[in-house]
Amino acid sequence: MPESICYLNGNYLPLDKACVPVLDRGFIFGDGVYEVIPVYAGKPFRLDHHLQRLNNSLNGVYLSNPLDEANWTQILQQIIEHNGDGDQSLYLQVTRGVAKRDHGFPATTEPTVFVMSNPFKPVDTRLLEEGVAAITLEDIRWQYCHIKSIALLPNILLRQQALDADAAEAILIKDNKVTEGAASNVFIVLDGILLTPPKGECLLPGITRDLVVELADQHGVPCQQRDISREELSRAGEIWVTSSTREILPVTRLDGHPVGDGLPGPVWQTLYTIYQDYKDELRRSA
Ligand code: PDD
């Protein structure tokens with residue numbers, strides 16, 4: 001396995017040689033934001049959308065973007081080239097940098113910029129054939145879930161609770177409404193209509209989510225962005241979770257009960273195929 005090369009504050013180096021000081025505010029406070037970007041055949045997927053969301057997250061935590069779009073693109077391209085031709089998952093993180101521990105923002109600190117690449121692991125075909133289990137949990141997170149913050153302790157605890165219940169994801173409920181998954185967005189099919197919660201401060205505006213909505217519109221699949229109640233979730237004929245790493249994953253058991261007939265549904269099959277075609281087009285593009 002070739003050595004993984006990462007980027008840290010201007011340098012390209014082996015991942016196991018990359019170090020940040022213990023006073024980095026990312027380590028001390030979880031004071032930073034991140035992105036996860038899939039790369040297919042050397043081409044980053046929806047890069048402009050990811051960089052726009054990074055900008056929004058940085059603005060949301062009052063950090064100015066340390067790099068312009070051209071610089072980000074160049075660094076990501078270098079990391080892709082250093083890490084071979086296979087599909088990759090890029091992780092990038094910006095923290096408020098190194099400073100004496102104090103809750104208030106430091107007056108002058110250089111942000112820490114880190115990028116690494118991991119091999120993109122395709123979702124197991126068995127999971128696509130059978131779907132996965134999910135459980136519902138109360139959304140215990142904060143009120144700025146639209147910011148892709150590295151402070152993920154609530155998400156981690158929720159995901160682990162799902163794993164401990166032999167489920168792949170926790171679907172979160174706030175004020176009797178579905179928000180999103182612990183690390184994914186949620187879609188349901190109810191009475192033949194594809195539904196997903198509207199964007200706002202209660203959920204991350206997923207790049208995969210937005211693409212699914214776009215593709216549904218383009219292909220004439222009726223789709224609405226509106227609140228979904230707990231009761232509607234339990235009546236759904238299909239449930240999916242979406243993310244850059246899991247793409248569109250069908251949920252076929254919810255809280256121990258089958259969803260619909262307990263198998264991935266026809267609307268999922270349609271959108272999944274359209275999504276894979278969209279990816280293939282990117283792979284073939286110049
Ligand atoms: N997380 N909501 C949350 C809370 C997430 O953490 C993620 C993805 C999504 C889906 O967003 P996107 O489609 O842009 O990947 C929604 C990434 C994959 C992660 O933390 O690893």
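Remember, it's 1-based here, ligands and their atoms both numbered in the order they're listed. All values reported here derive from a predicted model rather than from experimental measurement. Any value given below was found using the heavy atoms of this structure, including those in side chains, with hydrogens, waters and symmetry copies removed.
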Pick out the protein N or O atoms lying less than 3.5 Å from any N or O of ligand 1, and list each pair with its distance.
unit_1, atom_1, unit_2, atom_2, d
ligand 1, 1 (N), K148, NZ, 3.2
ligand 1, 2 (N), E180, OE1, 2.6
ligand 1, 13 (O), I207, N, 3.4
ligand 1, 13 (O), T208, N, 3.0
ligand 1, 13 (O), T208, OG1, 2.6
ligand 1, 14 (O), R53, NH1, 2.8
ligand 1, 14 (O), R53, NH2, 3.1
ligand 1, 14 (O), I207, N, 2.9
ligand 1, 15 (O), S244, N, 2.8
ligand 1, 15 (O), S244, OG, 2.7
ligand 1, 20 (O), Y34, OH, 2.6

Minimum heavy-atom distance between H82 and Y12, given as atom pair plus value: CD2-CD2, 4.0 Å

Is any side-chain heavy atom of R253 closer than 4.5 Å to one of D166? no

How far apart are the C-alpha atoms of D68 and N71, what are their side-chain angles, what is the distance that settles it, and do they pass the side-chain hydrogen bond (donor to acceptor under 3.5 Å, both in side chains) test? CA-CA 5 Å; D68 64 20; N71 279 321; 3.1 Å; yes

Can you classify the ring geometry of F120 versus Y40 as parallel (below 30°), tilted (30 to 60°) or perpendicular (above 60°)? perpendicular

Salt bridge (charged side-chain N to carboxylate O under 4.0 Å, His left out) pairs touching residues 203-222, sequence neighbours excluded, are R46-E214, K199-D210

Do I135 and F187 sit in one hydrophobic cluster, given that two such residues count as connected whenever their side-chain heavy atoms are within less than 4.5 Å of each other, even indirectly? no

